[in-house]
Amino acid sequence: MGTLSLAVNTGEHYDVIVIGGGPSGSMAAIAAGRQGARVLLCEQYAFLGGSLTAMGVGPMMSFHNRANQQVVRGLPEELIERLVERNASPGHTLDSTGYCSTVTPFDSEGLKIELETMAREAGVRILYHTMLADVILAEDSVESVVVCNKAGLTRYQADVFVDASGDADLAARSGVPFQYGRAGDDATQPMTMNLKVANVDMARLRQYVNDHPEEFPHGTPEMVNRSARVSLGGYVNAWRAAQARGEISVPREFVLFFETHVPGVIIVNTSRIQGLRATEPFELSQAEAIGRQQCVEIFQFLRRYCPGFENCVRMDTSSQVGVRESRHVTGLYTLTAQDLMDERRFEDVIALGGYPIDIHSPTEGITNTTHLRPDIAYGIPMRCLLMEKPANLIVAGRAISATHDAAAAFRVTPISMAIGQAAGTLAAVASQARVKPNRLSYDQVRPVLLRSGAYLDHVRF
């Protein structure tokens, strides 16, 4: 009978270790590196970008509020400017669904390369194919993490740790309390398997929208005709008929799709997988299989019934099913939807947002949206990234301390990237000051963020 080997290698000590290289984690690592911190970034895939690359999400929405005022700037905006320079994005374009004022299409391969380039320029050391295996605590802090990759298990120490896993994996393993999904029943927004198709006849699609505007509740001919890239929610009558015939099992109201940076290549964000947990391995595996089956139905529907898609070619489904929601840590402050709607002026704001409260129903075939005042610029306080214990742990991205409803607004990638920039900046400043992040003065963080281009002021434009 064989023996179980759990030998753990000893790695180097870093100023900051970031777990997760998605939009928020990438920004956190780059921000910390630019402040002179020695940073290790651990990512489970072979590339950065997370939801935007591994989960096939696109476009980014939104850097602006509905009044077309830009509320997300700093490192996220620099990333877009660099993508535009490299012909990997058209930049911020009109959102022809009318849901937001702008969307930001991009080339996913170009995004992988640009994030990697920015990280390398900032001196960040990247470990791909690496997942969190364990956490070692000492007193009130994280002493080290154990990660798993081709080398087996390796233990790394740091002054400060950033949990950008999306699911608060590091925080949960550290004993941080959390709310799973919404309070009361722990239900989460559904997962989605995004589908990418090419060879869409955009001229025919645009003409069909002009001839049949009643089919498109999210989008108008006027906006479609003005938009450089088409974003639409529609084909409603054909979709409902296919559902009635049993051809479509997806609990969704219509087909939602977005043209990418490449004309005629479209991301179809329509699948919907309810009732499964992204943090339960067997349930996540089941969600992957359901998502792929749903995408077969969706692709066949597009080719059979949707003018413009008759000759479309299936490119791929994403590497991983898209996860909107799982754990929300309980931090020093829990952000609420009322805070966002009231545009509460926090004294420790580290990022702004303007996206609506967008809840894909956990149990029904509907999407519930609370549109906020068009010129809203709601704030995310630094306290939502920090916990009582561990004192040296910072959470970034969609898992910060917030309610189900509040997270439905800031979970989108531009705002998550802004939160990530703040997390990395906070981590670097704390490491250099030899102060635990949850004891660091906001006054030490704010000027660094402002010098890095972050927009933090609650003022009318």
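Side chains included, hydrogens not; waters and symmetry mates left out as well; all remaining heavy atoms used. On a predicted model such as this, the values are computed, not experimentally measured, just so you know.
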For the backbone of [Y] and the side chain of [X], can you confirm whether one donor and one acceptor N or O come within less than 3.5 Å of each other?
{"X": "N68", "Y": "T102", "result": "no"}
{"X": "R411", "Y": "R398", "result": "no"}
{"X": "S62", "Y": "H64", "result": "yes"}
{"X": "R66", "Y": "G98", "result": "yes"}
{"X": "R303", "Y": "C312", "result": "yes"}

Would you check if T367 and D358 make a side-chain contact, meaning some heavy-atom pair closer than 4.5 Å?
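They are in side-chain contact.
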Can you tell if the side chain of I273 reaches within under 4.5 Å of the side chain of P190, non-hydrogen atoms only?
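Side chain of I273 against side chain of P190, heavy atoms only: no contact under 4.5 Å found.
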Residues in ring-ring contact (aromatic ring centres under 6.0 Å, His included) with H328, at least two apart?
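H328: no ring-ring contact (aromatic ring centres under 6.0 Å, His included) contacts found.
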Using every non-hydrogen atom in the two residues, find where T403 and A337 come nearest and quote the distance to one decimal.
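Nearest heavy atoms, T403 then A337: OG1-N, 3.9 Å.
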Counting neighbours of CE on M202 that are heavy atoms of other residues, nucleotides or ligands and sit closer than 6.0 Å, is the number greater than 12?
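Enclosed.
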Consider only side-chain N and O atoms of [X] and [Y], and report whether a donor and an acceptor are under 3.5 Å apart.
{"X": "T192", "Y": "S271", "value": "no"}
{"X": "H261", "Y": "S89", "value": "no"}
{"X": "N210", "Y": "N225", "value": "yes"}

For the pair E116 and R120, find out whether any cationic side-chain nitrogen is under 4.0 Å from an anionic carboxylate oxygen.
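So E116 does not pair with R120 through a salt bridge.
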Inter-residue atom distance K112.NZ - F47.CZ, 0.5 Å rounding:
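Reported value, rounded in 0.5 Å steps: 4.5 Å.
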Any pair counted as side-chain hydrogen bond (donor to acceptor under 3.5 Å, both in side chains), so long as it reaches residues 312-322, sequence neighbours left out
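Checked against side-chain hydrogen bond (donor to acceptor under 3.5 Å, both in side chains) - neighbours excluded - the pairs reaching residues 312-322 are Y45-Q320.
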Donor-acceptor pairs are to be reported for all side-chain atoms of residues 232-241 against protein atoms at under 3.5 Å, with residues two or more places apart or in another chain.
from: Y235; atom 1: OH; to: P307; atom 2: O; distance (Å): 2.8
from: W239; atom 1: NE1; to: R252; atom 2: O; distance (Å): 2.8

